[in-house]
Structure formats: structure tokens, C-alpha cells
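Please read these numbers as outputs of a predicted model, since none were measured by experiment. Heads up: numbering here begins at 1 and tracks the sequence.
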Amino acid sequence: MAVQGIAIGTQVPEFSLKDQNGQQVQLADILRGGPALLVFYPGDFTMVCTKQLCNYRDNLEAFNQFGIQIVGISGNPSESHAEFAKEYDFSFRLLSDPKKEVAKAYGCNSLLMLGGVSRAVFIVGKNGRLLYRYVEPTALTRRKADELIEVLKDLRAKHML
């Protein structure tokens, strides 16, 4: 089970992390480009994480219709992210959270995973407010792109996106 997280409609915690190119990236800078899908995942090159991020890569056009920017976040170092992004042709940012402080602030650290990071997705509006959150109950499950596209359609219909 994951620790208590951020409530829908509230402001999400700001953060500053290095991307796969070693550049420091702040959440505020990301949100200037539009709403974001923050994807917390346990690790680069792992089976479920790779399937999840490849599924999002293969559906980028659908996400782009909602103006969504995909941002992956894990504890891996920037160098690992660079190799992972190159290997799987990810055009989105992968951010390094080595101390898992951002994951903890978002409620993604798992007691079942002995302090590791649970797979989780957060949709954050351009205004920095949380629109959707889902923390996976196990390390083997993941939100698929089609499920998230349905969430985005619902958010748009409610004029929240």
C-alpha cells in the first residue's frame, strides 16, 4: 500500500530534477508548456516499466491532442535515463529522483516495496493543480495509454483540462 498522497484539486509539490541530458528541470517550467502526465516508475530497463513507457510513446499523438506532456520520473541517474531514452526512442523527458524525495512528496513510495517507488501516474493541470492520480496496487500492474486517454476525455468534458 502507498502512503497518503495529494488530494485531487490541490496544488502539487514543486520540484527540480535533472533530465536524461543532465539539465535541471522544474515542474513550473514543464507546466508553462501545458498540462503534464507525471509517470513515476521503479526503474529503467525493467519489464513492466519499459512496456508502460513504450505504450505511452506509441500513443503520443493521442496524448498530444490534449496538450499533455509526458514526464517519466524514477530514481535512476541521468546517464541511465539517457541510455533508456535512446534505446526505446522516447522523445519525452525522463527525470532523475535519486533520493526518491519527489516520489515521497507525491505519495508514491511503497511500504510493500521496502521504501521503493510504486508505479503511479498523475495528471497535473497547467495551473499546477492535481486533476487525476493513480498509484498502482502492485509492481506488476500499470495504467495503459487507452485508460489514460479516457480519463483525459472525461477531464476535457468537465472543462477541467
Side-chain angles (χ1 to χ4, degrees), residues 1-6 11-64 67-126 128-145 147-148:
M1 82 169 41
V3 248
Q4 185 82 8
I6 308 158
Q11 201 72 26
V12 298
E14 177 59 64
F15 59 76
S16 181
L17 298 171
K18 285 189 179 179
D19 70 8
Q20 70 265 37
N21 302 313
Q23 300 296 313
Q24 203 69 28
V25 177
Q26 293 183 352
L27 177 61
D29 295 334
I30 294 167
L31 295 178
R32 280 191 197 98
L37 172 65
L38 304 180
V39 183
F40 288 88
Y41 64 99
D44 296 342
F45 298 104
T46 59
M47 186 178 68
V48 179
C49 297
T50 300
K51 283 183 182 179
Q52 180 180 21
L53 293 177
C54 285
N55 177 241
Y56 297 168
R57 174 204 63 204
D58 295 345
N59 288 278
L60 270 179
E61 190 174 305
F63 285 111
N64 288 340
I68 290 291
Q69 303 172 83
I70 298 172
V71 178
I73 303 172
S74 82
N76 295 102
S78 296
E79 299 79 21
S80 175
H81 284 335
E83 292 173 25
F84 190 42
K86 183 178 180 183
E87 174 86 17
Y88 293 100
D89 197 29
F90 298 141
S91 60
F92 43 84
R93 285 187 172 119
L94 299 178
L95 304 181
S96 182
D97 183 18
K99 295 179 182 174
K100 300 177 180 90
E101 293 171 340
V102 176
K104 183 181 264 187
Y106 278 72
C108 301
N109 50 323
S110 172
L111 299 174
L112 293 178
M113 292 181 64
L114 304 174
V117 173
S118 293
R119 191 177 324 284
V121 291
F122 294 79
I123 298 173
V124 181
K126 194 172 178 176
R129 296 203 179 275
L130 184 63
L131 301 175
Y132 173 83
R133 75 183 289 268
Y134 190 87
V135 179
E136 295 292 339
T138 75
L140 298 176
T141 56
R142 62 187 167 95
R143 294 296 89 182
K144 295 182 179 119
E147 295 170 289
L148 292 171

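Looking at Glu14, its side chain does come within 3.5 Å of a backbone N or O of Leu27 through a donor-acceptor pair. Looking at Asn55, its side chain does come within 3.5 Å of a backbone N or O of Ala145 through a donor-acceptor pair. Remark: side-chain polar atoms of Arg57 are paired, donor with acceptor, to backbone N or O of Tyr88 under 3.5 angstrom. Looking only at distances, a side-chain donor or acceptor of Tyr106 sits under 3.5 Å from a matching main-chain atom of Pro13. Listed for the Asn21 side chain is no donor-acceptor partner under 3.5 Å among the backbone atoms of Ala82. No side-chain donor-acceptor contact under 3.5 Å links Ser74 to the backbone of Gly43. Between the side chain of Asp19 and the main chain of Gly22, a donor-acceptor pair closer than 3.5 Å is present. Between the side chain of Asp97 and the backbone N or O of Val102, at least one donor-acceptor pair lies under 3.5 Å. Using modelled atom types, one side-chain atom of Thr50 and one backbone atom of Thr46 make a donor-acceptor pair closer than 3.5 Å.
Using a 4.0 Å cut-off between charged nitrogen and carboxylate oxygen, Arg32 and Asp29 count as a salt-bridge pair.
In this structure, Thr141 OG1 and Glu136 CD are separated by 3.5 Å, a value rounded to the nearest 0.5 Å. Rounding to the nearest 0.5 Å gives a distance of 8.5 Å between CG of Leu148 and CD1 of Ile70.
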Candidate pair Val124 and Gln69, rule side chain to side chain contact (heavy atoms under 4.5 Å, CB included), full reasoning: CA-CA 10 Å; Val124 181; Gln69 303 172 83; over 6 Å; no
Side chain to side chain contact (heavy atoms under 4.5 Å, CB included), that's the test. Do Gln20 and Glu83 meet it? Break it down for me. CA-CA 8 Å; Gln20 70 265 37; Glu83 292 173 25; over 6 Å; no
Take Lys18 and Gln23 through the side chain to side chain contact (heavy atoms under 4.5 Å, CB included) test and state the conclusion after the steps. CA-CA 5 Å; Lys18 285 189 179 179; Gln23 300 296 313; over 6 Å; no
Let's go through Val25 and Phe15 carefully: what are the C-alpha distance in whole Å and the side-chain angles of both, what is the deciding distance for side chain to side chain contact (heavy atoms under 4.5 Å, CB included) to 0.1 Å, and is it a yes or a no? CA-CA 8 Å; Val25 177; Phe15 59 76; 5.8 Å; no
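Counting only N and O atoms by type, the side chains of His81 and Asp44 include a donor and acceptor under 3.5 Å apart.
Applying the side-chain hydrogen bond (donor to acceptor under 3.5 Å, both in side chains) rule to Gln24 yields the partners Ser16; only residues at least two apart in sequence or on another chain are considered.
Within the 6.0 Å centre-distance limit, the rings of Phe84 and Phe45 are counted as a close aromatic pair. A distance below 6.0 Å separates the ring centres of Phe40 and Phe122.
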